[in-house]
Amino acid sequence: MIDCKAMLGFLLVISTLLPATGRTQSDLTGAETSFLYIASTLQSFRNTGRLANNPGIDGADLEAFLDLLETYYQEFTNNFGSNSAMCQFYMDPENGRMEIEEKARLSFSFLPELEDRVNYYLVVDREFQENLETEFGSILQANVNQQKLSSRSNQRLPSSEFDEAAVINFLDSACI
């Protein structure tokens, strides 16, 4: 298997050198829907023990498919997962004396700048798509891409500017 961390690092460096005009809103939408698909599929599997809306995975490939989803879930959430610096600060009981707005603002500041986050999500999505096709074929990749359009999750990527209430809502859902 390709060293995902090394490849992601390389692609992130390359993508930051590309002009931002080369990226479209549909690229970001693709990354966001990939994340929703991954998050909802893993959550559903954890709750039921089965793969809801199976994109064509047979029993022999199920474990490898779930491992791929878990890998990319971790990649998407590496800056805002429950073990991230952002969530550690937000959930720290010592910070409970702060006003919620101030604690949320400071916690959210642990994230990279918006443009860097968006570039990173685009790289992660591109790598996810490539590994999905390499490991499982273009038919399964097409099935996943079709299913991700209807995926729903209470999680989301911090891929846009958030107002104060949205920051608090995001932190409450990301840091549970």
Side-chain angles (χ1 to χ4, degrees), residues 1-87 111-160 170 173-174:
M1 186 170 156
I2 298 171
D3 181 5
C4 289
K5 296 275 186 199
M7 182 61 87
L8 282 171
F10 172 74
L11 290 173
L12 182 58
V13 168
I14 295 299
S15 74
T16 58
L17 298 175
L18 296 174
T21 57
R23 296 180 203 99
T24 64
Q25 182 61 35
S26 67
D27 292 336
L28 181 55
T29 300
E32 290 172 330
T33 57
S34 288
F35 175 71
L36 289 175
Y37 173 80
I38 291 167
S40 66
T41 301
L42 287 173
Q43 184 65 39
S44 175
F45 186 80
R46 289 176 188 131
N47 289 341
T48 66
R50 53 188 200 90
L51 196 58
N53 300 322
N54 189 330
I57 293 292
D58 64 15
D61 289 332
L62 179 61
E63 188 174 331
F65 183 70
L66 292 171
D67 285 345
L68 182 81
L69 295 181
E70 185 62 44
T71 295
Y72 284 97
Y73 180 79
Q74 295 302 320
E75 289 300 325
F76 273 115
T77 63
N78 76 353
N79 288 313
F80 65 87
S82 60
N83 292 324
S84 68
M86 178 191 78
C87 286
L111 289 175
E113 294 297 320
L114 179 60
E115 184 176 348
D116 294 335
R117 289 192 311 259
V118 168
N119 287 335
Y120 180 76
Y121 301 142
L122 295 174
V123 169
V124 171
D125 186 46
R126 189 175 324 119
E127 183 70 19
F128 171 65
Q129 294 297 323
E130 289 171 3
N131 279 332
L132 189 60
E133 182 177 18
T134 299
E135 293 187 33
F136 300 101
S138 60
I139 293 173
L140 187 117
Q141 179 195 25
N143 291 346
V144 166
N145 285 330
Q146 183 62 39
Q147 287 183 0
K148 75 182 193 179
L149 298 174
S150 60
S151 294
R152 301 288 177 257
S153 176
N154 65 340
Q155 297 180 356
R156 65 181 284 201
L157 292 176
S159 57
S160 61
F170 175 78
S173 66

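Just so you know, residue 1 is the first one in the sequence shown, and it goes up from there.
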Under a 4.5 Å cut-off applied to non-hydrogen side-chain atoms, are [X] and [Y] in contact?
| X | Y | result |
| --- | --- | --- |
| Glu135 | Leu68 | yes |
| Tyr37 | Leu149 | no |
| Pro158 | Leu111 | yes |
| Gln129 | Arg126 | no |
| Pro55 | Ile57 | yes |

Interatomic spacing from OG in Ser40 to CD in Gln147 - rounded to 0.5 Å: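 Between atom OG of Ser40 and atom CD of Gln147 there are 9.0 Å.
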Nearest-0.5 Å distance, CG of residue Leu140 to CG of residue Asn145: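 Leu140 atom CG to Asn145 atom CG measures 9.5 Å (nearest 0.5 Å).
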Ile139 atom CD1, neighbour heavy-atom count above 12 within 6.0 Å: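 Not more than 12 within 6.0 Å, no.
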Atom CD of Gln74 with >12 non-hydrogen neighbours under 6.0 angstrom: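 For Gln74, atom CD is crowded (more than 12 foreign heavy atoms under 6.0 Å).
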Working for side chain to side chain contact (heavy atoms under 4.5 Å, CB included), residues Ser153 and Leu36: CA-CA 6 Å; Ser153 176; Leu36 289 175; 3.8 Å; yes
Can you tell me if [X] uses its side chain to pair, donor with acceptor, with the backbone of [Y] under 3.5 Å?
| X | Y | result |
| --- | --- | --- |
| Lys148 | Phe35 | no |
| Thr33 | Gly30 | yes |
| Asp116 | Pro112 | no |

List the atom pairs, donor and acceptor, that lie under 3.5 Å between side-chain atoms in residues 58-67 and the rest of the protein, sequence neighbours left out.
residue	atom	partner	partner atom	Å
Asp58	OD1	Ala60	N	3.3
Asp58	OD1	Asp61	N	3.2

Donor on one side chain, acceptor on other, Asn154 and Ser173, under 3.5 Å: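 No, because no side-chain N or O of Asn154 sits under 3.5 Å from a partner of the opposite role on Ser173.
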Polar contact flag, side-chain donor to acceptor under 3.5 angstrom, Tyr72-Asp125: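 On atom types as modelled, these side chains do not qualify, holding no pair under 3.5 Å.
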For Arg46, all residues meeting side-chain hydrogen bond (donor to acceptor under 3.5 Å, both in side chains), sequence neighbours excluded: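 Here the qualifying residues are Glu70.
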Those residues that, when tested against Asn83, pass side-chain hydrogen bond (donor to acceptor under 3.5 Å, both in side chains) (two or more places apart):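 Per chain and number, Asn83 pairs via side-chain hydrogen bond (donor to acceptor under 3.5 Å, both in side chains) with no residue.
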Closest non-hydrogen atom pair between [X] and [Y], with its separation:
| X | Y | answer |
| --- | --- | --- |
| Gln155 | Ala39 | OE1-CB, 3.5 Å |
| Cys87 | Ser82 | CB-O, 3.6 Å |
| Ser160 | Arg117 | O-NH2, 3.9 Å |

[X]: which residues meet the side chain to side chain contact (heavy atoms under 4.5 Å, CB included) condition with it, sequence neighbours left out?
| X | value |
| --- | --- |
| Glu133 | Ser138, Gln141 |
| Ser150 | none |
| Ser159 | Leu28, Glu32, Val118, Tyr121, Leu157 |

Residue pair Asn47, Gln43: steps toward the side chain to side chain donor-acceptor pair (under 3.5 Å) verdict: CA-CA 6 Å; Asn47 289 341; Gln43 184 65 39; 3.2 Å; yes
Between Phe80 and Phe170, ring centroids under 6.0 Å: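 Yes; Phe170 has its ring centre under 6.0 Å from that of Phe80.
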